[in-house]
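Below: one structure, written as structure tokens.
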Amino acid sequence: MPTIMITGAAGFIGGHVAREAERRGGLSLRLMSHRRPPAGAAAAGPATAGPGSGSGHGHGRDRGPGAVVPGHRTVRADLSDPGSLRGACEGVDVLLHCASQIGGTPEANEAVNARGTAALMAEARRAGVSRVVYLSTASVYGRGAFRAARPEDLVRNPGSPTSGSRAHAEDAVLAAGGVVLRPHLVLGDGDRWVVPGLARILRALPGTVEGWAARTSVITAQDLARLLLGAGLAPAGDLTASVYHAAHPVPVTVRTLLGAVAAVAGPAADPAAEDLTAVRARELLAARGIAAQGLDMLTSDHWFDSDPVWRDLRCTPGPDFEAAFKELAEGYRRALLDI
């Protein structure tokens with residue numbers, strides 16, 4: 001029975017990974033959390049807590065999708081405090097690193113994502129962990145238009161302290177012989193970033209922007225959890241790359257994505273009322289105090305080729321976007337009441 005440690009296990013993606021591992025069975029789980037333990041888990045190991053090692057890919061901190069079946073060991077540790085990591089990886093076979101600092105000060109991002117991941121990799125090497133998988137983000141590429149883009153054809157150009165420090169975390173993982181997954185937009189129970197952010201943009205604009213014709217890559221948190229766990233357990237010979245994009249293979253038009261969000265976000269402007277230029281849309285968002293970064297991702301293609309990860313892991317993608325979002329709609333409807 002392999003022992004898997006999941007960092008950020010109380011967070012958005014980490015919580016989904018823990019639940020997916022529980023469903024799969026035959027695994028011994030060690031759940032690392034820097035604040036509250038995942039629901040139902042037994043506390044053990046280092047008992048330090050501190051700021052800043054929340055769940056990955058911009059999904060907030062300590063907002064997991066629900067309880068984990070009792071009986072798994074919880075390790076309390078803080079990536080910004082390397083001393084608290086001592087012994088955390090002892091007896092671990094596979095490390096799924098899903099914890100990241102999202103937002104906050106540049107110093108906090110550097111402490112958690114860059115230096116914290118480097119310290120965690122040192123501890124993993126010392127303990128003899130055989131496989132490390134890191135949940136990164138496609139935002140390490142910065143701005144641009146991406147069409148069926150492959151990791152080997154792209155150059156990282158992070159545009160924020162968070163994405164820059166996560167690029168440094170990638171370097172530490174790759175230097176340790178690990179595997180990196182880069183999703184773009186992640187949807188699911190516990191999402192406090194993607195759909196709420198899209199809802200704010202929709203409510204601030206009196207119509208479409210350049211027809212919302214761009215295509216974008218999305219994945220559900222459940223599918224992403226399957227890929228993270230699969231990458232951790234796959235035979236080494238099955239992995240043909242050390243960096244993978246992680247998304248549903250079929251991109252979604254922004255018009256389709258925003259139409260689904262509008263259906264659960266409540267009243268919004270009639271999209272047929274006006275088709276704005278991107279420049280005008282930025283002006284309107286700025287007047288409402290909404291950052292234009294999200295708009296940039298909606299007006300140019302962000303389509304990342306993810307076929308290799310599904311092929312190498314011999315996984316079948318879940319339902320397409322429209323079918324998957326129907327399953328998530330009621331949860332989002334409730335979550336967006338306060339947006």
Side-chain angles (χ1 to χ4, degrees), residues 7-17 35 51-66 98-105 108-109 112-113 134-143 158-166 169 181-205 216-225 228 245-248 252 254 257-258 260-262 264-266 268 285 288-299 302 304 321 324-325 328-329 331-339:
T7 71
F12 175 33
I13 304 303
H16 279 277
V17 174
R35 288 184 180 175
S53 51
S55 185
H57 196 61
H59 303 302
R61 292 194 294 271
D62 288 348
R63 296 181 181 270
C98 302
S100 293
Q101 170 76 26
I102 308 300
T105 66
N109 281 272
V112 173
N113 298 337
Y134 175 53
L135 172 64
S136 186
T137 169
S139 68
V140 296
Y141 298 124
R143 296 183 180 182
S160 71
T162 294
S163 55
S165 62
R166 294 182 80 179
L181 299 191
R182 293 174 182 156
H184 180 44
L185 301 181
V186 186
L187 310 175
D189 182 18
D191 169 26
R192 301 294 186 268
W193 292 76
V194 177
V195 169
L198 296 177
R200 291 186 183 95
I201 289 174
L202 277 174
R203 291 173 177 174
L205 298 176
T216 193
S217 287
V218 300
I219 190 170
T220 65
Q222 186 173 357
D223 263 1
L224 181 55
L228 286 159
H245 290 146
H248 193 282
V252 180
V254 169
L257 172 63
L258 293 183
V261 173
V264 300
L285 292 177
R288 297 282 295 271
I290 299 174
Q293 180 181 5
L295 182 66
D296 295 335
M297 291 194 297
L298 300 175
T299 54
H302 282 69
F304 300 95
F321 168 76
F325 201 86
L328 300 171
Y332 272 127
R333 192 172 286 111
R334 292 193 300 270
L336 291 173
L337 289 176
D338 297 328
I339 297 299

- Message: Using 0.5 Å steps for rounding, measure from the OH atom of Y134 to the OG1 atom of T7.
- Response: 9.0 Å

- Work out which heavy atom in I201 is nearest to a heavy atom in G294; give both atom names and the distance. CD1-C, 4.0 Å

- Any side-chain heavy atom of L205 within less than 4.5 Å of one from L285? yes

- Under a 4.5 Å cut-off applied to non-hydrogen side-chain atoms, are P196 and L336 in contact? yes

- Query: Quick one: SG on C98 to CG on L135, what's the gap to the nearest 0.5 Å?
  - Reply: 5.0 Å

- Angle class for the H302/H184 ring planes (parallel below 30°, perpendicular above 60°, tilted otherwise)? parallel

- Note on the structure: Looking only at heavy atoms, the pair that brings R182 and V140 closest together is NE-CG2, 3.8 Å

- Are any side-chain N or O atoms of Y332 and backbone N or O atoms of G188, one a donor and one an acceptor, separated by less than 3.5 Å? yes

- Task: Measure the shortest side-chain to side-chain distance between L185 and V252 over non-hydrogen atoms and say whether it is less than 4.5 angstrom.
- Result: no

- Message: So W193 and F12, do their side chains get closer than 4.5 Å, heavy atoms only?
- Response: no

- Which pair of heavy atoms, one from V186 and one from V194, lies closest together, and at what distance? O-CG2, 3.6 Å

- Nearest heavy-atom contact between T220 and A324 is CG2-CB, 3.8 Å

- Output the distance between atom CD1 (I219) and atom CZ (F321), rounded to the nearest 0.5 Å. 13.5 Å

- Excluding sequence neighbours, so at least two apart, what forms side-chain contact (heavy atoms from CB on, under 4.5 Å) with A225? H16, V17, E20

- Query: Given side chains that start at C-beta, do those of S217 and H245 come closer than 4.5 Å, heavy atoms only?
  - Reply: no

- Message: Looking at every non-hydrogen atom in both residues, tell me the closest pair between I290 and A204 and how far apart they are.
- Response: CD1-CB, 3.7 Å

- Specify the closest pair of heavy atoms between P183 and S136, including all atoms of both residues, with the distance to one decimal. CD-O, 3.3 Å

- Message: Measuring from atom CG of L181 to atom CG of L228, what distance do you get when rounded to the nearest 0.5 angstrom?
- Response: 5.0 Å

- So, the side chain of Q101 versus the backbone of G103: is there a donor-acceptor pair under 3.5 Å, distance only? yes

- Short side-chain to backbone donor-acceptor contact, N109 and I102, under 3.5 Å: no

- Message: Could you check whether any side-chain heavy atom of F325 comes within less than 4.5 Å of a side-chain heavy atom of V218, counting everything from C-beta outward?
- Response: no

- Task: For residues L258 and L198, determine if any side-chain heavy atom of one lies less than 4.5 Å from a side-chain heavy atom of the other.
- Result: yes

- Message: Just to verify, what does R143 make a side-chain contact (heavy atoms from CB on, under 4.5 Å) with, not counting sequence neighbours?
- Response: D296

- Task: Flag the pair T137 / T162 as yes when at least one side-chain heavy-atom distance between them is below 4.5 Å, and no otherwise.
- Result: no

